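In each ligand, atom 1 is the first atom listed, and ligand 1 is the first ligand listed. The model shown is predicted, which means the values in this text are computed figures rather than measured ones.
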Amino acid sequence: MLTPEGLKPGWLMPFGHAPRYCVGAMLALSEMKTFLALLLRGYDFACDADTTWAPGALGKVPRNGLPMQISRKV
Ligand code: HEM
(Lines give C-alpha, C1' and ligand atoms only; values in the text may rest on other atoms or scores of the structure.)
Protein backbone atom coordinates (compact mmCIF):
# COMPACT_ATOMS: atom_id res chain seq x y z
CA MET A 1 0.00 0.00 0.00
CA LEU A 2 1.21 3.50 -0.81
CA THR A 3 0.17 4.94 2.56
CA PRO A 4 2.25 6.84 5.14
CA GLU A 5 1.23 4.19 7.69
CA GLY A 6 3.15 1.62 5.65
CA LEU A 7 6.45 3.52 5.90
CA LYS A 8 9.24 2.10 8.07
CA PRO A 9 12.68 3.44 9.00
CA GLY A 10 15.11 2.82 6.12
CA TRP A 11 12.41 2.57 3.45
CA LEU A 12 14.31 5.09 1.31
CA MET A 13 17.48 2.94 1.36
CA PRO A 14 16.43 -0.42 -0.07
CA PHE A 15 20.05 -1.25 -0.96
CA GLY A 16 21.56 -0.23 2.38
CA HIS A 17 24.11 2.55 2.70
CA ALA A 18 27.72 3.49 3.31
CA PRO A 19 30.31 0.64 3.52
CA ARG A 20 27.66 -2.10 3.31
CA TYR A 21 25.95 -0.64 0.22
CA CYS A 22 24.66 -3.42 -2.03
CA VAL A 23 27.18 -4.29 -4.75
CA GLY A 24 24.35 -5.69 -6.89
CA ALA A 25 22.22 -2.53 -6.79
CA MET A 26 22.91 -1.47 -10.40
CA LEU A 27 22.29 -5.01 -11.69
CA ALA A 28 19.07 -5.23 -9.67
CA LEU A 29 17.82 -1.85 -10.98
CA SER A 30 18.69 -2.87 -14.54
CA GLU A 31 16.79 -6.16 -14.11
CA MET A 32 13.77 -4.27 -12.76
CA LYS A 33 13.69 -1.98 -15.80
CA THR A 34 13.96 -4.95 -18.16
CA PHE A 35 11.15 -6.76 -16.34
CA LEU A 36 8.99 -3.60 -16.36
CA ALA A 37 9.54 -3.21 -20.12
CA LEU A 38 8.47 -6.84 -20.66
CA LEU A 39 5.35 -6.29 -18.54
CA LEU A 40 4.41 -3.11 -20.44
CA ARG A 41 4.85 -4.93 -23.74
CA GLY A 42 2.50 -7.77 -22.78
CA TYR A 43 -0.09 -6.19 -20.47
CA ASP A 44 -2.33 -3.14 -20.18
CA PHE A 45 -2.54 -1.33 -16.83
CA ALA A 46 -5.54 0.74 -15.70
CA CYS A 47 -6.30 2.46 -12.41
CA ASP A 48 -8.90 4.83 -11.02
CA ALA A 49 -8.09 8.27 -12.48
CA ASP A 50 -10.73 9.93 -10.26
CA THR A 51 -9.01 9.11 -6.98
CA THR A 52 -8.30 11.86 -4.45
CA TRP A 53 -4.84 12.48 -3.04
CA ALA A 54 -3.54 13.07 0.50
CA PRO A 55 -0.20 14.54 1.67
CA GLY A 56 2.47 11.87 2.15
CA ALA A 57 6.08 11.74 3.37
CA LEU A 58 7.59 12.73 0.01
CA GLY A 59 4.58 13.97 -1.91
CA LYS A 60 0.98 12.96 -2.35
CA VAL A 61 -0.43 9.47 -1.88
CA PRO A 62 -3.72 8.15 -3.28
CA ARG A 63 -6.45 7.85 -0.64
CA ASN A 64 -7.79 4.60 -2.07
CA GLY A 65 -4.39 2.85 -2.39
CA LEU A 66 -4.81 3.11 -6.18
CA PRO A 67 -5.81 -0.48 -7.01
CA MET A 68 -4.81 -1.44 -10.54
CA GLN A 69 -6.37 -3.70 -13.14
CA ILE A 70 -3.93 -5.63 -15.29
CA SER A 71 -5.07 -7.31 -18.49
CA ARG A 72 -3.18 -9.22 -21.14
CA LYS A 73 -2.85 -7.33 -24.43
CA VAL A 74 -4.78 -8.87 -27.31
C1 HEM B 1 16.13 -5.86 -5.36
C2 HEM B 1 17.32 -6.46 -5.24
C3 HEM B 1 18.27 -6.24 -4.08
C4 HEM B 1 18.08 -5.61 -2.88
C5 HEM B 1 16.80 -4.94 -2.35
C6 HEM B 1 19.32 -5.68 -2.15
C7 HEM B 1 19.54 -5.15 -0.88
C8 HEM B 1 20.73 -5.18 -0.21
C9 HEM B 1 20.99 -4.54 1.08
C10 HEM B 1 19.96 -3.78 1.91
C11 HEM B 1 22.27 -4.77 1.41
C12 HEM B 1 23.01 -4.27 2.69
C13 HEM B 1 23.00 -5.36 3.75
C14 HEM B 1 23.66 -4.88 5.03
O15 HEM B 1 23.69 -3.68 5.31
O16 HEM B 1 24.14 -5.74 5.78
C17 HEM B 1 22.85 -5.56 0.33
C18 HEM B 1 24.16 -6.01 0.32
C19 HEM B 1 24.69 -6.80 -0.67
N20 HEM B 1 24.07 -7.17 -1.84
FE21 HEM B 1 22.18 -6.74 -2.39
N22 HEM B 1 20.24 -6.36 -2.91
C23 HEM B 1 19.63 -6.70 -4.10
C24 HEM B 1 20.23 -7.37 -5.15
C25 HEM B 1 21.51 -7.83 -5.19
C26 HEM B 1 22.13 -8.50 -6.32
C27 HEM B 1 21.43 -8.76 -7.68
C28 HEM B 1 23.41 -8.84 -5.93
C29 HEM B 1 24.48 -9.54 -6.68
C30 HEM B 1 24.44 -9.81 -7.99
C31 HEM B 1 23.59 -8.36 -4.57
C32 HEM B 1 24.73 -8.51 -3.82
C33 HEM B 1 24.95 -7.96 -2.58
C34 HEM B 1 26.19 -8.08 -1.82
C35 HEM B 1 27.44 -8.89 -2.24
C36 HEM B 1 26.03 -7.36 -0.64
C37 HEM B 1 27.08 -7.17 0.51
C38 HEM B 1 27.82 -5.86 0.25
C39 HEM B 1 28.84 -5.60 1.35
O40 HEM B 1 28.56 -5.86 2.53
O41 HEM B 1 29.92 -5.14 1.04
N42 HEM B 1 22.41 -7.76 -4.15
N43 HEM B 1 21.89 -5.78 -0.63
*Does the pair Ser71 and Asp44 meet the rule for a side chain to side chain donor-acceptor pair (under 3.5 Å), with working shown?*
CA-CA 5 Å; Ser71 53; Asp44 286 315; 4.6 Å; no
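- Counting heavy atoms from C-beta outward, Trp53 and Asn64 have side chains that stay 4.5 Å or more apart.
- Here the NZ atom belonging to Lys60 is positioned 12.0 Å from the OG1 atom belonging to Thr51, to the nearest 0.5 angstrom.
- Under 4.0 Å from any atom of ligand 1, one finds heavy atoms of residues Pro14, Phe15, Gly16, Pro19, Arg20, Tyr21, Cys22, Val23, Gly24, Leu27, Ala28, Met32.
- Linking Ile, Leu, Val, Met, Phe, Trp and Tyr residues whenever their side-chain heavy atoms come within less than 4.5 Å leaves Leu38 and Phe45 in two separate clusters.
- Atom CZ of Phe35 has 12 or fewer heavy atoms from other residues, nucleotides or ligands within 6.0 Å.
- Heavy-atom neighbours of Lys33 NZ from other residues, nucleotides or ligands within 6.0 Å: at or below the threshold of 12.
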